[in-house]
Amino acid sequence: MNKSDFYYDLPKEQIAQTPVEPRDSARLLVYDRKTDAVTHRHFYDLPNLLRADDLLVVNNTKVLPARVTGVKVDTGAQISFLLHKRVDKNTWETLCRPAKRAKVGTVLRFAPDMTGVVTAEGEEGARTLRFEYDGVFEEILNRIGEVPLPHYIHKQLKSIDRYQTVYADKVGSSAAPTAGLHFTERLISELKQKGIEFAEVLLHVGLGTFLPVKTDDVENHKMHSEYYCVTDGAAAQINAAKAAGRRVIAVGTTSVRVLESSSTDDGIVHAGSGDTSIFIYPPYKFKAVDGLITNFHLPESTLIMLVSALIGREKTLDLYNTAVAEGYRFFSFGDACFFQ
């Protein structure tokens, strides 16, 4: 299976630069796998599209102000770093630009009360950075860092809260779990009143989700690992739904990766935490996920491959081409899909 098997043509003007308001007014492409029916709705129609006993699994990660700029102590040159995975209290795996200036031993000043030193080099701009600081790291980061929007978004947000889900709680992501950006407090309340449950899991979004596939043969792509956690309560909630024959619907591909990483072949989800580098592509057999609410993803990305594993590659490309023809908005601030 080649990377090019997951390509589709997207006009640049359909890449959403700003989110719609209100959040739940985004369009929603609905595909029923049993009937092969496609309908065009809006996200606020979810209460009429979901069953009363469905369980939605959401990722409650919160985006860090993860882009920081340091000045080399010896030359004054500026280097930008994207923090994407915490190794320990003071050490992070990062991506940096320009990487050629960040050799092992390079010392940088990020703020009067924070310095950093490069301790290891990796491929494609990867650097390990150890910080030294006075005070609380998160407070300094909130003061000096910027929330990193995807490279294809060229407009600044009026409020950075618009790049957080309304249920964001656990700080640690380099990017938002974007399917969840469409939920409003009112919509969640309406869904709960209908009887639909929510279970919260955690995956800190990092390079594993967003790095491009660079190998022609899909099977040769290596995913970076990302931290995830499933609490005892969430596992019990999900397993009770499965035992009762209710649908478990993942909100976003990150929730899919948590569920499939933490479940065994019998579909039982186990509580725990750790790193996952799971790479889901056809003909993967899903163990815990019955449906998916997600955004439209980049061509040839690991995310469109995950969707293809759920509904089939040809159907995925067919639906994406339909969405292009229908004028849907794509990627992080774009419209959504519901595959049931």
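Since the model is a prediction, treat every value here as computed from it, not as a measurement.
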Could you tell me if Tyr152 and Ser332 have a donor-acceptor pair between their side chains, going purely by distance under 3.5 Å?
yes
Strictly distance-based, threshold 3.5 Å: is any side-chain N or O of Thr184 a donor or acceptor partner for the main-chain N or O of Leu187?
yes
Stepwise ring-ring contact (aromatic ring centres under 6.0 Å, His included) check, Tyr320 with Phe296:
CA-CA 8 Å; Tyr320 271 55; Phe296 292 96; 5.3 Å; yes
Least distance between heavy atoms, Ile278 atom then Ser261 atom
CG2-OG, 3.3 Å
Can you check whether Arg41's main-chain N or O pairs, donor with acceptor, with Asp45's side chain at less than 3.5 Å?
no
If you look at every heavy atom in Leu149 and Phe333, which pair is closest and at what distance?
CD2-CZ, 4.2 Å
Any chance the side chains of Asp275 and Tyr228 put a donor and an acceptor closer than 3.5 Å?
no
For the OG1 atom of Thr231 and the CD atom of Gln237, what is their distance to the nearest 0.5 Å?
8.5 Å
So does Lys72 have more than 12 non-hydrogen atoms from other groups sitting under 6.0 Å from NZ?
yes
Does the Arg127 side chain pair with the main chain of Ala102, one donor and one acceptor, at a distance under 3.5 Å?
yes
Ignoring hydrogens and geometry beyond distance, is a side-chain donor-acceptor pair present between Thr264 and Asp266 at under 3.5 Å?
yes
In short, Gly116 meets Leu129 closest at the heavy-atom pair C-CD1, 4.3 Å
Thr254 side chain to Asn59 side chain, donor-acceptor N/O pair below 3.5 angstrom
yes
Say whether His40 and Tyr328, considering side chains only, have a donor N or O and an acceptor N or O under 3.5 Å apart.
yes
Identify the two heavy atoms, one from Val269 and one from Ala288, that lie closest to each other, and give their separation to 0.1 Å.
CG2-CB, 4.1 Å
Between Phe331 and His297, is the ring centroid distance below 6.0 Å?
no
Can you name the closest pair of heavy atoms from Arg246 and Asp54 and give their distance?
NH2-O, 4.1 Å
If you measure only the distance, is there a donor-acceptor pair under 3.5 Å linking the side chains of Asp335 and His42?
no
Under 4.0 Å between a side-chain nitrogen and a carboxylate oxygen: does that hold for Lys315 and Asp36?
yes
Gln340 versus Arg247, side-chain donor and acceptor atoms under 3.5 Å:
yes
Is it true that Thr61 and His204 share a donor-acceptor pair across their side chains at a distance under 3.5 Å?
yes
Say whether, by atom type as modelled, one donor and one acceptor occur between the side chain of Ser277 and the main chain of Met223 under 3.5 angstrom.
no
Side chains of Tyr284 and Glu260: any donor to acceptor distance under 3.5 Å?
yes
Sort out for me which residue in Leu310, Ile311, Val251 forms a side-chain contact (heavy atoms from CB on, under 4.5 Å) with Leu292.
Leu310
Quick one: closest heavy-atom pair of Pro177 and Thr165, and the distance?
O-CG2, 3.9 Å
Is it true that a side-chain atom of Asp318 and a backbone atom of Glu314 form a donor plus acceptor pair closer than 3.5 Å?
no
Side chain of Arg109, backbone of Val73: donor and acceptor closer than 3.5 Å?
no
Backbone N or O of Asn2 within a donor-acceptor pair of the Asp5 side chain at under 3.5 Å?
yes
